[in-house]
Structures are given as structure tokens and as C-alpha cells.
Chemist: 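I have a structure here, written as C-alpha cells, and I will follow up with some questions on it.
Because the structure is predicted, anything quoted here is derived from the model rather than measured. Order of the sequence lines sets the chain letters (A, B, ...), proteins ahead of strands, with each chain counted from 1.
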Amino acid sequence: MSFNHQQIEKKWQSYWEENKTFKTNTFSEKEKFYALDMFPYPSGVGLHVGHPEGYTATDILSRMKRMQGYEVMHPMGWDAFGLPAEQYAIDTGNSPAEFTAKNIATFKRQIKELGFSYDWDREINTTDPNYYKWTQWIFIKLYEKGLAYIDEVPVNWCPALGTVLANEEVIDGVSERGGHPVIRKPMKQWMLKITAYADRLLEDLEELDWPESLKEMQRNWIGRSEGAEVTFKIDGHNEEFTVFTTRPDTLFGATYAVLAPEHPFVKKIVSDAQKEAVDNYLHEVETKSDLERTDLAKDKTGVFTGAYAINPVNNEKMPIWVADYVLMSYGTGAIMAVPAHDERDYEFATKFELPIIEVVAGGDVTTEAYTGDGKHVNSDFLNGLDKTEAISKMIAWLEEKGVGEKKVTYRLRDWLFARQRYWGEPIPVIHWEDGSMTTVPEEELPLVLPEMKEIKPSGTGESPLANNIEWVNVVDPKTGMKGRRETNTMPQWAGSCWYFLRYIDPDNTEKLADPEALEKWLPIDIYIGGAEHAVLHLLYARFWHKFLYDIEVVPTKEPFTKLFNQGMILGEGNEKMSKSKGNVVNPDDIVFSHGADTLRLYEMFMGPLDASVAWSTNGLDGARRFLDRVWRLIVNEEDGTLAAKIIDGDNSDLDKVYHETVKKVTEDFENLHFNTGISQLMVFVNEGYKADSLPKAFIEGFVKMLSPVAPHLAEELWEKLGHTSTITYETWPAYDESKLVEDEIEVVLQVMGKVRSKINIAKDASKEELEKVALEDETLQKWLEGKTIRKVIVVPGKLVNVVAN
RNA sequence: GCGGGUGUGGCGGAAUUGGCAGACGCGCUAGACUUAGGAUCUAGUAUCUUCGGAUGUGGGGGUUCGACUCCCUUCACCCGCACCA
């Protein structure tokens, strides 16, 4: 008979719930530990086996930290706005709110059945008006500080969804959800000025304990580059344009200029002779999707505009071309082309037979672009200088002449913050009939999303809210002026930018959260979630946090001190789990058949937390087998009492393995090496089976160490061991360093670096002693026969290596 | 193409600073118990072998008394970015 997981798990889940075992005391005297999971979007399909991986990791840490005397904040909530609920509403006519509530209920049940130690009194939901009141409040603050603005930008307009999509929601030119075609269309949009924080977002990465790869991704995303802006006059026009370059030192080698097809000057400067060619080219580019533009990138295209720019350093005339290898969205949308020292310009110049002038020596510009460093040539006052010197001298020259300046640009762009959707936080802004615009007064927050009978696209590009005349139209009670509410809502990212703050003080009606509480609990000690949020969510959340820091709402510059990305759980065939492949494992089934403890244990034992490992039914069975073995070691199966082997006294045979286990498990869990920590628990159980007697103190220590991983089983065993209340706040075991080392240790004897023999010797034997004993060893002597000893290497406590030939 | 990472038994994976490669689990083999075993317990399990040993951490080379670990080179796979001036 093995243990009855269904009964035990239910019993302890009820116990924890009734006793509010995991309730966090906000102003506890204890040291704090804040363990955060990336809260899920409660989709209609329910929990995936991938979810519990990260959740179990943080739960293990939380449970261990509680036992180590910390006050632990370990909350859960719902990122519940989002397109699927809206799509569902449009398709079925049902309410997104009801649909979402139902999904949350399912998620909550599933998560509770896994035995995570969340403080459910802190549960938050981004769609709750009491929550999004503060999301709206933050928006108003951003607006007041000039960080939210309206701009007309080309957006991804999806006629089928009747909405605008963010770049990250467009995959290969079609919408991520639904796969509908997407076209580009200019539209008035709310933007957040994240670029104002670019430098700080970049610099402060240094101090974060995050995976290096992830920090690198953020650095690349921000894409800072230093250079200069240079202004070019246009020959025969009273206009000038500005280019950005990282190599102002090569200005003497600039032989032509290129404008992006979307550049406003293109149409102004084009000559009559070239007009038709340019128009055709622009039309061709417009009809290409982004994908096609990338695909065709291998072969550069472009057209001469007929206009010439004047190179400010030498007054040479440079033809201005239009080409789609220059992007409107980066820099100024215009470049000076230096074909001798830029690979793209070189390729273009070669194709269109434009001149190539070498200005940096060191390469062979007749065969390829030279991008390395070297002495400058053909460059007047820069001749003889190297790259760094030439760059600063040129910048100084440009600034002096007023035709350029030092400039930093970023790949990062401002954040498109408006969505033409119903199911999102309403943006608290009113547009008045006199053309002015105000935010909704703070005391009127939350601006509640109105319930609507029918949710359908307005057809105009506005959100379905535009259909709700009653809600949209407002009259100022004081002046009688008419106004119209903003119909755009916020993107899903908004609510997840600050949810970890609200957990700290979820019911506060006066403030986003009590500053004293924030002071105690920030920053977050560990944040675990999927790598898919490596850039966007984590960058946006850092941006908002820094803003809140600036307006003195939060006390820290960064929200997440330590972050870790869990890997993916793949299907048995080593492919991503998906409905279409039919290889999806449902956590409910596993909880039913094997139990939550087994699922938790298995997911932690599969491999390192950051690795992507295939699901294995055999492996799952193995995890259950281990828990059964633990049960049988401790419980007498005949009558359910404690096993007779468990004694009150000592068993010195188990001293070493027990103390080793305490040490390894403690350190491994702390470092998120759950697979190796669990393997050590297995080693202890194997030794326990071999032993004649099991000191009760060791068994209690073992059950405590098992409890973060398999909490239900551990509580049950703890009760069998004679305790009457939860194991949650029992003291985490300590180890005795002196028990780890034995007096006599095994030393390896090598000849020429190969192990030939082993001896047992006192652990503190001296070098001389070791050498002597080694050379006297019979087996070793056999190997040394007929050889001359050249050298003996002794590593005390480890090995003796004899070099002989 | 650029940036980051990973390559270890039949499989998932272990291995402080260079010091016994393969912990632990899965699978497999044998034995015990058993009416039975797809339960449980015990033992074994990298490869080759003339049973002395020899070889072995993607491939090739190097440093070292000694390399999974350090260096060079090469191949494969994964992730991110994709003309970023």
C-alpha cells in the first residue's frame, strides 16, 4: 500500500486554507523575502504543465525561507485583459468579463490543487476596477510629466480584427492571433516616451543578477549607438536634411546620400526627370510586406532622386538616392553613404556604380569595404589620425561650423500604448470640443470600462467603445462644454508593469500602495518566469518602475534584483507541446493519477530549471516511486504507524550522509539547483533503506527538507511523527561541518596521471608521509617496476601522482 | 550575417579552484519474494577486450605530472536580433 495522494492532498490544502497558513504579515519584524511568479494570462484552455515549473521553483524557495525564519511574500494574480477574451466576445456575443471570470476560476482551482503556498488574500486581477484605477493613475502621472503623448504613427492595421496590432503581435506579416493579413496605416496613437529612460534602462542592467543572455537581449533591444548628426544642404533647394552616422570621421569618403522611402523630403526634392522612377519605386516598396522587404534585402534596390546634397566638409555634390535599405524608424531616416567603409553602402555603390573613395587606410577598397581602424587619408585635416581621434576632431569641426553635433541614438522606440480594443483599461482622457484635452480627474478614478451588450469593432478603427454613445459623450458640469472620451484602451502590458507593487498592499484605496510597506518589501528577491518575456514585459516594467521611483512612489530604482528564466517543458517527442500535435499534458490528469507532489517533484527533477526538457511518463512514474519509497521508509504499512526502524537514539552510520544532505540540499535549493538537491534527498533515502535504524531527528530533518518540494506528503509524515501543527514554520535543519569529514580518507594513487591504486590514510597526512606510503603501495610498485621515478606530485587529501618512465 | 548559449552512456542529466568522468533518476539485466508481477527488495549496467588491460565527455590540435574543465581551430544544434548607418 502506498500513500493515498488524493486524500492527503485534499486534507492539507483544506488545512492551509482554513488556517491561512501562508498569510504574509506586511509589517513583520522578520527579515523579508519576496518570491514572485510571472502571473498568468488565464486562457480558456486552463493550466499548462509549463506553468507549475516556475511556480514550483518559487514555492520551494518560499517554503524553505519560511523555515529559515523569513517573512515571505508569495502572491499570485491574473493578467486578465487581452485579445482572446475580446475575440471570444465578438465571436459568441458573450461578455469578456464573464468569460475571464470563468477562466480565472479554473486557473485558481488548478493552481490551488498543486499546493502552492500563496497568500490568497493578496490575489490581484488586472481587470478589477480597484486595480486598474491605479494603472490609470500611473498613466495620468506619465501624461503630467510629458511621458505620454499622441503621435501619428504608421501602425499595423488588421482589417479582419478591426484593430491595430503591436509589432510583437504580427508574425510574418499576419496577425499572431487569427493569422489575418495586416497592412500599415497611419493613425493617431498614444505613445509612452520610454526612450527618455533608454540610458538608465541600459546602465542599471549592470547591477542586476539576471542571466547574462537576457541582459544582452535587453542591451541589443535598447541598441544604443554613439555618433554624430550631420546636416546636408540640398543643391538648388532651400532645404537641408540631417543624417545620423557612427563614423563622422569618414565624411570625406561620403559619395552619395540615401533617404528612406518614407522620408518626407523624397517627394519634395525629386527632379522632374526622376519623378516617375521614384514614384514607381515608392509604390513598389509600399506594397511589399515587411517580410518581403527583408527577403529582398539580399539584393539592394534604390532610385536616384535627381537631387544633390552638398558635403559640408568639401562642398562636393553628392547624389541623393532613395533606397529601402535605409529605415525611417532608425536615426533620422537618412544616411550619408561611405561605400569604402561600410559594407551595405559598398554593396549599393557597386551595384549602381557610384564612386568609392578610401579615407581610412588598411584595407583594399577595390575588393571590399574596410570597416577597421587605420590612418585617415584623403581627409584634409583628419589625415594621419586614427579612428577615435578623427571622430572627435570631426565632431568638434562640425559643431564649430554649426553643421552637426555629437548624438546618441537608440534602436529602442517609444512604446505604442493605445489599442483599439474594448477589453483593456480605458485611457482616462477626454477630448473637448474646443480641441483641448484633459485627463480624467483623479477623484473620478477608476474610469470604469462600461458593460456592453454587444462588442463589435466600430469599423472606423476606433475601439468597440466608440459604439457606446452614452459612455463616450461627456459634458463638463461646470462649463457645459461637450467632450468625447478617449476610446483607445491600454495594451495588455500595462497591468503587468506594476502588479508586483499592488500585492504588497492590495486593498489600499488611497494610494497605489503604502510607502512604508513598499519600503519593507522592495525590491523583489526572486522573479521566475518564461524567457518569452525577456525583453518586452521586463523592459516595460523596469521603465514604469524607474518612473515611479522618480515621482517617489517606490523606493528602489529597479524592481527585480534577481531574475531567472525557467526552460520549456516539451512533449515526449522533444517538440513543443501543442494541441495540433496532440502531445499536451494536462496537469489535472497528473494531479489525479500521480498527485501534485509527484508533479512538483518530477518537474524539479527533470533537469536544470533553465533547460528545456521533454516530458517523460516513465520519469514521472519514477518521481512517484521515490515518494512511495519515502512513505514506506517512515510509515509502517500494516497499520499506518511510524516504522519500527525509527528510533529515538543515534545511528552514527548515517551521520555523514545526513549532514551532507542538509548541506547540499540547502545550498542547491538556494541556488535553484533543484535537480541535484532532490538527487541528494534520494541518496539519503537509499542509505536509509540500508541502515538498521533511523534516528528520529534525522527523519524529521529529512521530512523538513522534502517539504518544500512535496508539501502535502511532508505535512502528513510530520503528523505521523507526532506533531500537531503544520511543518511550514518548523526550523530548517542545520548541518555540522565536523560530521562531513571522516578521519580517514581515500587517496588516489596515479602513475603518469592514471589511477592505479587507492589507499586509506589519515585525512591530515603530510605530503612526505603520503609520498612514502604511496611508493610502498604494492600495486603501485608493480606499475613502477623497471621505471625511473622522475617526479612525485602530491595533493594532500586528494592524490599522489608518480611520473616515471 | 551578427550576438548569446549548448554538445558527456540507450535516455534526462551529475562532476568547488584543472585532481577517481558518468552522482541521482529512467530504461535494461539478473536474483529474491510471489499463484502472478508492469508491485516491492537486492545486485549489476560507458565501450572494446586476448580479462593483463585499452579506449572514452561533438571532431582535430595544444598547454599540463594530470583537461568534461584552460587555449587555438572546426563541426552540429538551440535561442535572440535581422540592412540599426
Chemist: Ignoring hydrogens and angles, tell me if any N or O in the side chain of A:Asn311 forms a donor-acceptor pair with the backbone of A:Leu251 under 3.5 Å.
Modeler: yes

Chemist: Between protein and nucleic acid, restricted to nucleotides 18-21 of chain B and to nitrogen or oxygen atoms under 3.5 Å apart, what atom pairs and distances do you find?
Modeler:
from: B:rG19; atom 1: N2; to: A:Gln750; atom 2: OE1; distance (Å): 3.3
from: B:rC20; atom 1: O2; to: A:Lys758; atom 2: NZ; distance (Å): 2.6
from: B:rC20; atom 1: N4; to: A:Glu746; atom 2: OE1; distance (Å): 3.4

Chemist: Among B:rC65, B:rA85, B:rG3, which nucleotide sits nearest the side chain of A:Leu327?
Modeler: B:rA85

Chemist: Would you classify B:rG52 as syn or anti? Syn applies when the glycosidic angle is within 90° of 0.
Modeler: syn

Chemist: Looking at residues at least two apart in the chain, or sitting in another chain, which of them share a salt bridge (charged side-chain N to carboxylate O under 4.0 Å, His left out) with A:Glu206?
Modeler: A:Arg219

Chemist: Would you call A:Glu660-A:Lys656 a salt bridge at under 4.0 Å N-O?
Modeler: yes

Chemist: Between C1' on B:rG25 and NE2 on A:His673, what's the gap in Å once rounded to a whole number?
Modeler: 18 Å

Chemist: Going 5' to 3' through nucleotides 39-52 of chain B, assign each nucleotide B (protein heavy atom under 4.0 Å from a base atom), S (under 4.0 Å only from sugar-phosphate atoms) or - (no protein heavy atom that close).
Modeler: -SSS----------

Chemist: Rounding to an integer number of Å, can you tell me how far A:Asp610 CG sits from B:rG4 C1'?
Modeler: 13 Å

Chemist: Flag the pair A:Arg247 / A:Lys387 as yes when at least one side-chain heavy-atom distance between them is below 4.5 Å, and no otherwise.
Modeler: yes

Chemist: Could you check which nucleotide pairs with B:rU64 in any of the strands shown, counting Watson-Crick or G-U wobble with both distances under 3.5 Å?
Modeler: none

Chemist: Report the residues that fulfil salt bridge (charged side-chain N to carboxylate O under 4.0 Å, His left out) with A:Asp345, sequence neighbours left out, ordered by chain and then residue number.
Modeler: none

Chemist: Closest approach of A:Thr242 and A:Thr332, non-hydrogen atoms and distance?
Modeler: O-OG1, 2.7 Å

Chemist: For A:Arg756, report the nucleic acid contact type (base, sugar-phosphate, nothing); a contact means any heavy atom under 4.0 Å.
Modeler: sugar-phosphate

Chemist: Can you confirm whether more than 12 heavy atoms, excluding those of A:Lys576, are under 6.0 Å from its NZ atom?
Modeler: no

Chemist: OP1 or OP2 of B:rG80 less than 4.0 angstrom from a side-chain nitrogen or oxygen of A:Asn220, does that happen here?
Modeler: no

Chemist: How many Å lie between CD on A:Glu368 and P on B:rG1, as a whole number?
Modeler: 15 Å

Chemist: Give a yes or no on whether the ring-centroid distance for A:Tyr256 and A:Phe348 is below 6.0 angstrom.
Modeler: yes

Chemist: Should the ring pair A:Phe669 and A:Phe674 be called parallel, tilted or perpendicular, given that the plane angle runs from 0 to 90° and is split at 30 and 60?
Modeler: tilted

Chemist: Determine which nucleotide pairs with B:rA32, using a 3.5 Å limit on both distances of a Watson-Crick or G-U wobble pair.
Modeler: B:rU40

Chemist: Both A:Gly619 and A:Lys663 contact RNA chain B. Which one's nearest nucleotide lies toward the 5' end?
Modeler: A:Lys663

Chemist: What's A:Thr409 touching, base or sugar-phosphate or nothing? Going by heavy atoms closer than 4.0 Å.
Modeler: nothing

Chemist: Is any NZ, NE, NH1 or NH2 atom of the basic residue among A:Glu226 and A:Arg224 found under 4.0 Å from an Asp or Glu carboxylate oxygen of the other?
Modeler: yes

Chemist: Is the shortest side-chain N to carboxylate O distance from A:Asp628 to A:Arg624 below 4.0 Å?
Modeler: yes

Chemist: Under a 4.0 Å threshold between the charged nitrogen and the carboxylate oxygen, would A:Lys690 count as salt-bridged to A:Glu687?
Modeler: yes

Chemist: Checking the side chain of A:Ser379 only, and the main-chain atoms of A:Phe252 only, is there a donor and an acceptor separated by less than 3.5 Å?
Modeler: no

Chemist: Of all of residues 674-684 of chain A, which get a heavy atom below 4.0 angstrom from RNA chain B, listed by number?
Modeler: A:Asn675, A:Thr676, A:Ser679, A:Met682, A:Val683

Chemist: Using Watson-Crick or G-U wobble geometry with both distances below 3.5 Å, tell me the partner of B:rG12, or none.
Modeler: B:rC24

Chemist: Based on the glycosidic angle (syn within 90° of 0, else anti), state the conformation of B:rG31.
Modeler: anti

Chemist: Nearest whole Å is fine: how far is B:rC81 P from A:Tyr330 OH?
Modeler: 17 Å

Chemist: How is A:Gly622 classified with respect to the nucleic acid when contacts are heavy atoms under 4.0 Å: base, sugar-phosphate, or nothing?
Modeler: sugar-phosphate

Chemist: N/O contacts under 3.5 Å, protein versus nucleotides 5-12 of chain B?
Modeler:
from: B:rG12; atom 1: O2'; to: A:Met606; atom 2: O; distance (Å): 2.5

Chemist: Measure from the side-chain N and O atoms of A:Asp414 to the backbone N and O of A:Thr195, and report whether any donor-acceptor pair falls under 3.5 Å.
Modeler: yes

Chemist: Can you figure out which of B:rA85, B:rG80, B:rG4 approaches the side chain of A:Glu216 most closely?
Modeler: B:rG4

Chemist: Counting only heavy atoms from other residues, nucleotides and ligands, does the tally under 6.0 Å from NZ of A:Lys645 exceed 12?
Modeler: yes

Chemist: Across the strands shown, which category fits A:Thr246 at heavy-atom distances under 4.0 angstrom: base, sugar-phosphate, nothing?
Modeler: sugar-phosphate

Chemist: In this structure, how many angstroms lie between the P atom of B:rG80 and the CG atom of A:Leu412, rounded?
Modeler: 19 Å

Chemist: If we call it a pair only when both distances are under 3.5 Å in a Watson-Crick or G-U wobble match, what pairs with B:rG52?
Modeler: none

